[in-house]
Amino acid sequence: MTGPLIGLSTYLESRARWGVWDMAAALLPEGYHRLVQAAGGLAAMLPPDPRPGAAQQAVRHLDGLVVAGGPDVDPARYGAERDDRTGPPAPERDAWELALIDAAMERGLPLLGVCRGMQLLNIACGGTLVQHLDGHAGPPGTFAEHTVTPVPGSALARILPATVTVPTYHHQAVQLLGAGLVACAHAEDGTVEAVEMPGATAWTLGVQWHPEADRTDLRVMRALVGQAGH
């Protein structure tokens with residue numbers, strides 16, 4: 001018996017190294033597919049595809065979608081001027097993942113946004129971002145940890161009923177919430193750490209932390225895989 005098919009959006013890098021190779025690559029940290037598998041799903045990587053209709057076609061084959069973490073979203077996507085501390089744009093990823101989110105919501109596909117993925121979900125719904133804040137990442141390439149507290153009565157609180165310590169690596173966050181989204185978890189400093197969409201046709205959740213970096217806690221991914229298997 002196989003589990004539901006979960007699509008994972010990927011990085012698109014102009015240079016990556018493995019073995020004797022040094023070339024452009026579509027890639028994703030292994031924590032994502034291993035977490036999907038541990039939660040009972042089948043993982044499928046979805047590299048950016050610029051062809052018209054590609055996102056809709058991809059989504060038709062999936063049972064659930066994860067929009068992965070990664071680089072900062074281009075502020076032009078939400079009508080803001082670029083802050084000096086905002087990273088370089090990733091236009092192929094921005095366009096592809098926004099198209100995937102739109103297609104998933106149109107089809108009613110269970111959706112999980114992770115870090116950048118949560119921010120893109122907010123932007124897809126018309127929201128904006130804070131372009132820089134401190135205290136939510138370790139040194140370059142190192143996750144920090146802090147606590148997040150789910151909002152009582154939220155769908156997230158049924159998955160994570162108490163304050164939890166999470167791995168985190170971001171310097172941007174939700175500013176104005178997009179239409180239909182509600183904040184369902186906060187950090188101690190008040191930063192929105194998760195969003196959900198009550199009344200949506202399908203389970204929709206964004207988390208600002210990185211569940212794939214802690215494979216001892218499967219609750220968020222199990223919730224997605226469980227919804228995708230219905």
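For clarity, every value in this text was computed on a predicted model and none was experimentally measured. Every heavy atom of this structure was used, including side-chain atoms; hydrogens, water molecules and symmetry mates were not. For this chain, numbers begin at 1 and follow the sequence in order.
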Show me the donor-acceptor pairs within less than 3.5 Å that the side chains of residues 148-160 make with the rest of the protein, sequence neighbours left out.
from	atom 1	to	atom 2	distance (Å)
Thr149	OG1	Thr163	OG1	2.9
Ser154	OG	Val151	O	2.7
Ser154	OG	Ala157	N	3.1

One pair to check against side chain to side chain contact (heavy atoms under 4.5 Å, CB included): His132 and Thr86. What are the steps and the verdict? CA-CA 7 Å; His132 183 77; Thr86 294; over 6 Å; no
Hey, mind stepping through Ile6 and Leu42 against side chain to side chain contact (heavy atoms under 4.5 Å, CB included) and telling me if it holds? CA-CA 6 Å; Ile6 308 299; Leu42 293 169; over 6 Å; no
Side chain to side chain contact (heavy atoms under 4.5 Å, CB included) between Val166 and Glu145, intermediate numbers included: CA-CA 5 Å; Val166 297; Glu145 286 189 342; over 6 Å; no
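Evaluation of the side chain to side chain donor-acceptor pair (under 3.5 Å) test over residues 52-71, restricted to residues two or more places apart or in two chains, returns none.
In the hydrophobic clustering of ILVMFWY residues, with side-chain heavy atoms under 4.5 Å counting as a link, Met221 and Tyr169 come out apart. Hydrophobic clustering (ILVMFWY, side-chain heavy atoms < 4.5 Å, transitive): Met197 and Leu177 are in one cluster. Transitive grouping of hydrophobic side chains (ILVMFWY, heavy atoms separated by less than 4.5 Å) keeps Val182 and Val192 in distinct clusters. Both Met105 and Val73 sit in one connected hydrophobic cluster of ILVMFWY residues. Membership requires side-chain heavy atoms under 4.5 Å apart, directly or through other members. If you chain together hydrophobic residues whose side chains sit under 4.5 Å apart, Trp209 and Leu120 never meet in one group.
With sequence neighbours excluded, the residues that form a side-chain hydrogen bond (donor to acceptor under 3.5 Å, both in side chains) with Arg219 are Asp217. Annotation: side chain to side chain contact (heavy atoms under 4.5 Å, CB included) contacts of His33 (sequence neighbours excluded): Leu8, Glu30, Gln37, Ala43. For Ala144, the side chain to side chain contact (heavy atoms under 4.5 Å, CB included) partners at least two apart in sequence or on another chain are Thr168. Scored by the side chain to side chain contact (heavy atoms under 4.5 Å, CB included) test, Gln227 finds Pro110, Trp203, His230 as partners (sequence neighbours excluded). Applying the salt bridge (Lys or Arg N to Asp or Glu O under 4.0 Å) rule to Arg82 yields the partners Asp74; only residues at least two apart in sequence or on another chain are considered. Gln175 meets the side chain to side chain contact (heavy atoms under 4.5 Å, CB included) test with Thr128, Val130; sequence neighbours excluded. In terms of the salt bridge (Lys or Arg N to Asp or Glu O under 4.0 Å) criterion, residue partners of Asp94 (sequence neighbours excluded) are, by chain and number, Arg116. Residues passing the ring-ring contact (aromatic ring centres under 6.0 Å, His included) test with His210 are Phe143, sequence neighbours excluded. Remark: Ser14 engages no residue in a side-chain hydrogen bond (donor to acceptor under 3.5 Å, both in side chains) (not counting sequence neighbours).
Annotation for Ala58 and Trp96: closest pair CB-CH2, 4.4 Å, computed over non-hydrogen atoms. Heavy atoms only, all atoms of each residue included: Leu111 and Leu224 are closest at N-CD1, 3.9 Å. Closest heavy-atom contact between Val114 and Glu212: CG1-OE1, 3.7 Å. Counting all heavy atoms, side chain and backbone alike, Leu28 lies closest to Ser9 at CD1-O, 3.3 Å. Nearest heavy atom pair, residue Thr191 against residue His136, reads OG1-NE2, 3.4 Å. Here the closest heavy-atom approach between residue Ala173 and residue Gln119 is recorded as N-NE2, 4.0 Å.
The aromatic rings of His146 and His170 stand perpendicular to each other, their planes meeting at an angle above 60°, with 30° marking the opposite boundary.
With rounding to the nearest 0.5 angstrom, the CG atom of Leu62 is 5.5 Å from the CG atom of Leu46. In this structure, CG on Leu65 lies 10.5 Å from CZ on Arg107, to the nearest 0.5 angstrom. Rounded to the nearest 0.5 Å, atoms CG (Asp72) and CZ (Arg77) are 14.0 Å apart. Remark: Leu176 CG to Asn122 CG distance equals 7.0 Å, nearest 0.5 Å.
In this structure, the side chain of Tyr32 engages the main chain of Gly69 through a donor-acceptor pair within 3.5 Å. Panel note: side chain Gln172, backbone Gln131; a donor-acceptor pair is recorded below 3.5 Å.
Side-chain contact between Pro211 and Leu35 is present, with heavy atoms from C-beta onward closer than 4.5 Å. Side chains of Tyr11 and Pro71 form a contact here, defined as non-hydrogen atoms less than 4.5 Å apart. The side-chain heavy atoms of Leu205 and Cys184, taken from C-beta on, include a pair separated by under 4.5 Å.
Other members of the cluster containing Met23 are Trp18, Val20, Trp21, with ILVMFWY side chains joined at under 4.5 Å, either directly or via other members.
Counted within 6.0 Å of CD on Glu106, heavy atoms from surrounding residues, nucleotides or ligands total 12 or fewer; the atom is thus considered open.
Met118 pairs in a side chain to side chain contact (heavy atoms under 4.5 Å, CB included) with only one of the listed residues (Ile123, Leu181, Val67, Val174), which is Val174.
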